[in-house]
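Here the structure comes first, spelled out in structure tokens, and everything after it is commentary.
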Amino acid sequence: MTMPENLTLPTRKLLIGGDWKSATAEERIESINPANGEVFTHIESATEADVDQAVKSARRTFENPVWRRMRPLDRGKLLERVAQLIEGQAEELALLECLDNGKPAHLAAMVDVPSAAEIFRYMAGWCTKLSGKTLSISGDGSQFHAYTLRQPLGVVGAIVPWNYPLAMAAWKIASALAAGCTMVLKPSEVTSLTALRLGELILEAGVPEGALNIVTGSGHTAGQALISHPDVDKVAFTGSTAVGKHILRESANDLKRVSLELGGKSPTIVMPDADLEQAIPGAAMSIFFNSGQICFAGSRLLVHKDIYDTVLAGVSEVARSLPIGNGMNQETMIGPVISEQQRLRIMNYIDIGISEGSEVVTGGGNGGQDKGFFVEPTILANTDPQQKVFQEEIFGPVLTATPFGDIDEAIELANRTHYGLGANIWSQNVSTCHRLAEAINAGTVWTNCYFVIDPAMPFGGFKESGIGREVGEEGFTMYTESKSVCVKLD
Ligand code: NDP
């Protein structure tokens, strides 16, 4: 299947100041369907000059009273309208995501599209809640009235990756617009289509021209131009830790505000008292969902030695049972990975795992697919914490399994990486759950559940998994700046 007949592609242009424009360069970027490796369309490749135009447009709208002085309630209504439009296009958006990214369309309809709609609805509520505090200052004996104002940060440059293209774009756009910022968004060059469709919906909702600008293009050209632009006040990034570090260094030049949501190597810890009927499928899906291309995927399975063999056998059985294939098919659970380059990278990690001493208990191949970029769910057992596959983010459907002896060893193993994004804990003992949740260095700890992502729950990482938080009140606040106002009273 190349492209569903009922699917219309979005405008493949740059969105600048409310208009769809061609890039100033002739070059176009191919969009490839990961399920068959075929080129199905092209997108524009923005240059530094195009990015500059987009930033100027975002700045003009930020300064314009139509946006700046808009009643908070009216801003909220606009965001609510975007949520409704996303819901109205749910099927089409899910199909687009499947075509561009490879993920199963029925799962995109269940996860990605609702997540995008819900963040707009949630952030619509924050528009009316931007508030400061009154302060009891002691001063110099005179009387003062002092308070803080919370104000929008300004122009945001947002860069999002290819694993959740629509949802990641929505998280950043909704939070920034709710706070009163304006934005230039650069989607990943391999998955720009749903961001472009979102741009169309945002215009249709009546969001003022220039509040959201979209520049498609490569990270090295368009992305680089955005993060180094002197008139961008904040960079909001989701992607690899390597690029995140580069952005932080670039931002040091003019001290741009930065929020970084980066990689992970999250543990799934199964304690001896866990309910295995829940823990086994939970452990499997926390790594194999979205073909493992999730920053907080539970990619390291840590199991108490007494139940290690049972859990390993159970998770392997789930892995083998997941239908692999084209994401347009309703029964597919494992779609292709994003690109041939990524497939080779994952296969290379599997080879490294084997050469460093792990044993493949299931997977390791392409699931019998004759085209496309497929990797079957793979488990590397008896992995030692020193191994690369235990330490480095693979970003594919590859799980390492390691036994532990007691809770202290579980904590030590869980924390033995440079990352700290998420953790999944499985235990029926409340004290054990709380002890682990407190001791694990991660931004989110899921206990007897996995993959619960909610607009009200701040998301982000410890250590090299990032800086700052997305969504929730903290995520919203990251798009604001605090100002102290001090007035001397006569
Ligand atoms: P990158 O971090 O390179 O890409 C993420 C985004 O950053 C894309 O929009 C990319 O653009 C952009 N980008 C790349 N270089 C620059 C730059 N110099 N300046 C500004 N923006 C830039 O991830 P990859 O796509 O290369 O994936 C590699 C690995 O990163 C994965 O295997 C995985 O380990 C990790 N990753 C983690 C993600 C997460 O959610 N934490 C998401 C994606 C990847 P473009 O794609 O157009 O080059």
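Below, each value reflects all heavy atoms present in this structure, side chains not excepted, and no hydrogens, waters or symmetry copies. For ligands, and for the atoms within them, numbers begin at 1 and follow the listed sequence.
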Item to check | Under 4.0 Å to a heavy atom of Cys295 - the qualifying atoms of ligand 1, by number | outcome: 39 (C), 40 (O), 41 (N)
Item to check | Stepwise side-chain hydrogen bond (donor to acceptor under 3.5 Å, both in side chains) test for Thr383 and Ser358 | outcome: CA-CA 5 Å; Thr383 303; Ser358 292; 2.9 Å; yes
Checklist entry - Charged N to carboxylate O under 4.0 angstrom, Glu44 versus Arg28? => result yes
Next on the checklist: Just to verify, what does Arg469 make a salt bridge (charged side-chain N to carboxylate O under 4.0 Å, His left out) with, not counting sequence neighbours?
Outcome noted: none
Throw together a table of side-chain donor-acceptor distances under 3.5 angstrom for residues 254-262, partners on residues two or more places apart or in other chains.
{"from": "Asp254", "atom 1": "OD1", "to": "Lys256", "atom 2": "NZ", "distance (Å)": "3.2"}
{"from": "Asp254", "atom 1": "OD2", "to": "Lys256", "atom 2": "NZ", "distance (Å)": "2.8"}
{"from": "Lys256", "atom 1": "NZ", "to": "His229", "atom 2": "O", "distance (Å)": "2.7"}
{"from": "Arg257", "atom 1": "NE", "to": "Glu481", "atom 2": "OE1", "distance (Å)": "3.4"}
{"from": "Arg257", "atom 1": "NH1", "to": "Leu255", "atom 2": "O", "distance (Å)": "2.9"}
{"from": "Arg257", "atom 1": "NH2", "to": "Glu481", "atom 2": "OE1", "distance (Å)": "3.3"}
{"from": "Ser259", "atom 1": "OG", "to": "Lys234", "atom 2": "NZ", "distance (Å)": "2.9"}

Checklist entry - Out of Leu262, Ile394, Ile338, Val243, whose heavy atom is nearest to atom 3 (O) of ligand 1? => result Val243
Next on the checklist: Less than 4.0 Å is my threshold; does some heavy atom of Gly217 fall inside it relative to ligand 1?
Outcome noted: yes
Next on the checklist: Which option wins on minimum heavy-atom distance to atom 38 (C) of ligand 1: Phe237, Tyr419, Phe395?
Outcome noted: Phe395
Item to check | N/O separation below 3.5 Å, Pro161 to ligand 1 | outcome: no
Checklist entry - Given Leu421, Val160, Leu260, which has its nearest heavy atom closest to atom 8 (C) of ligand 1? => result Val160
Item to check | Selected option - heavy-atom contact closest to atom 45 (P) of ligand 1, from Pro165, Gly396, Gly157, Gly219 | outcome: Gly219
Next on the checklist: With nothing but distance in play, are any N or O atoms of His220 less than 3.5 Å from an N or O of ligand 1?
Outcome noted: no
Checklist outcome for this item: Ranking Gln342, Gln224, Lys186, Gln341 by closest non-hydrogen atom to atom 18 (N) of ligand 1, top hit is Gln224
Checklist entry - Would you call Ile227 a ligand 1 contact, heavy-atom distance under 4.0 Å? => result yes
